Amino acid sequence: MAQITQRTTAGGEPRWDVRVRVAGQVRTKTFTRRRDARQWAAAVETSRARGGFVDPRLGRMRVAELLRRWSEATAPAKRETTKVADDLAVRRWIVPTLGGFAIAEVTPGDVQATVNAWSRRLAPRTVRRHYGVLRAALAFAVEADWLARTPCRGVKLPAVPPARRTRLSPADIERIALAMPERHRAVVWLAVVTGMRWSEIAGLRVGRVDFGRGEIEVAEVITRGAGGRLVAGPPKSQAGHRTVSVSQPVLAMVGAHLAARGVSRDDAEALVFATATGAPLHYSTWRSKVWRPAVAAAGVDGAGFHDLRRANATALVLVGTDVTVAQYRLGHADVRMTLDVYAQVTDEAHRAAAEALGARFLPGPPEQAPAPAPTRDARAMGLRALPQAAGQQPT
């Protein structure tokens, strides 16, 4: 509670000191009248009860200093890729515009003006990410009792246009794989069958592949850190650490791939997909030298590697996979992400729905027999013409 003490100055005048503890430190404010001291002390206690009291002197902290403290406090919980992105936002975009402001002086209008300035130079998605960093730092100040209320209120952000997506058919995927050098084809088939992200495939080690049980454990990813160096670490969420079942034809391809590289299945720490020297693959290099030429040759120029994961998710919907199973296989931490996938209507599902409704409500027998129910085998997952590994019998 606020404590009020009376004292007398050297000139014999009465003074009343109000002492309060804020953020672990004792702060004192002096009044010449007892009534003013009591009123201020009561206001402090009311604000404290509402969670809104801060020492005005703490509000003089500059935004640049707040960002430094926030970065240090949150660094242990961040992945390296997140640190790099946050540091870039702070150094190049937030500090140059708001760094010199006292945190208590920043208004919603200042934040909106900053967002508007960014929007004239940056893509909407990038603006939203930089704003997220600023908002997180100011929320950190509120939690630390350095700021009573965040100025990130009612800020209008630029709309993000829908991401350009390419719907890859089984035939598209087959053409892409066949257009690649043979040593890279297993990457495509594994990605579309499991839905694994590039970082998860790049970080896959031989010891995580159980050829006998037909399973792959996703336990490590390789991402790009500061200076473009590759960094190995755990998946970004607990849900990302998972074990997925894989069809035997694809596992046979992985085994043939390792044999062609001269890598033993007993070498648990070896990367499944690597350079000629065994080093991790750089996505930017692989994309420019392997992926883009293949998609161009396949006639689906513009498709991204992540479209393989989308093809997998679409196939999960089409084969009637339970949403909780799909969430687990895709490594989604939030089921809403999986439900968003399920809400996307594909051409094939749309046609099937139209035919089913027509057969139900129109008189007379349907002109064509309904298509057979999809199955859960490798073909239903988008592998209409999955190549067989040497010596492997079709299943």
Side-chain angles (χ1 to χ4, degrees), residues 123-125 159-180 184-201 244 246-247 249-250 253 283-284 286-288 290-323 325-332 334-358 368 370-387:
R125 200 177 300 275
V160 177
R164 183 176 181 272
R165 298 176 178 178
T166 301
R167 290 179 179 174
L168 294 177
S169 68
D172 292 333
I173 296 167
E174 180 185 1
R175 289 197 302 272
I176 291 173
L178 294 178
M180 289 183 176
H184 295 292
R185 293 174 184 172
V187 173
V188 174
W189 296 117
L190 185 63
V192 75
V193 166
T194 64
M196 292 170 64
R197 304 171 177 90
W198 168 266
S199 61
E200 296 168 344
I201 289 180
V244 294
V246 187
S247 62
V250 176
M253 293 181 64
Y283 177 60
S284 57
W286 190 87
R287 180 181 59 184
S288 62
V290 179
W291 176 261
R292 285 180 174 173
V295 298
V300 287
D301 198 11
F305 185 83
H306 200 74
D307 289 318
L308 296 175
R309 178 170 163 85
R310 294 192 181 98
N312 173 273
T314 299
L316 288 173
V317 177
L318 294 178
V319 301
T321 305
D322 181 81
V323 66
V325 176
Q327 179 188 5
Y328 178 83
R329 289 187 64 90
L330 293 170
H332 285 161
D334 191 338
V335 72
R336 287 176 296 183
M337 296 180 65
T338 313
L339 291 173
D340 182 59
V341 172
Y342 272 56
Q344 297 174 14
V345 179
T346 65
D347 291 339
E348 185 175 347
H350 189 74
R351 286 193 298 270
E355 293 174 2
L357 290 170
Q368 295 181 351
T375 61
R376 297 175 182 268
D377 62 9
R379 298 176 188 276
M381 292 300 295
L383 306 183
R384 178 178 55 81
L386 177 64

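Atom set for the values below is all heavy atoms of this structure, side chains included, hydrogens, waters and symmetry mates excluded. Keep in mind that this is a model prediction, so the values were computed, not measured.
Panel note: side chain N312, backbone V192; a donor-acceptor pair is recorded below 3.5 Å. Panel note: side chain W198, backbone A191; no donor-acceptor pair is recorded below 3.5 Å.
For R329 against V193, the heavy-atom pair with the smallest separation is NH2-O, 3.5 Å. Looking at every heavy atom in both residues, R310 comes nearest to D307 through NH1-OD1, 2.8 Å. What you find for P161 and P124 is that their closest heavy atoms are CD-CG, 4.2 Å. Closest non-hydrogen pair, L190 versus V246, comes out as CD1-CG1, 4.5 Å. Closest approach of L168 and A303 over heavy atoms only: CD2-CB, 3.9 Å.
Looking at heavy atoms from C-beta onward, L330 lies in side-chain contact with L316 at the 4.5 angstrom threshold. Side-chain contact check for W189 versus E174: some heavy-atom pair is nearer than 4.5 Å. At least one side-chain heavy atom of V188 sits under 4.5 Å from a side-chain heavy atom of I173.
W286 contributes atom CH2, which lies 8.0 Å from atom CD1 of I201 (distance to the nearest 0.5 angstrom). In this structure, the separation between CG on L308 and CD1 on I176 is 6.5 Å, given to the nearest 0.5 Å. Interatomic distance, CE of M180 versus CZ of R175, reported as 13.5 Å (0.5 Å rounding).
Every pair passing salt bridge (Lys or Arg N to Asp or Glu O under 4.0 Å) that includes a residue from residues 185-197 is listed here, sequence neighbours excluded: R197-E200.
Remark: D334 pairs with R336 by the side-chain hydrogen bond (donor to acceptor under 3.5 Å, both in side chains) rule, at least two apart or across chains.
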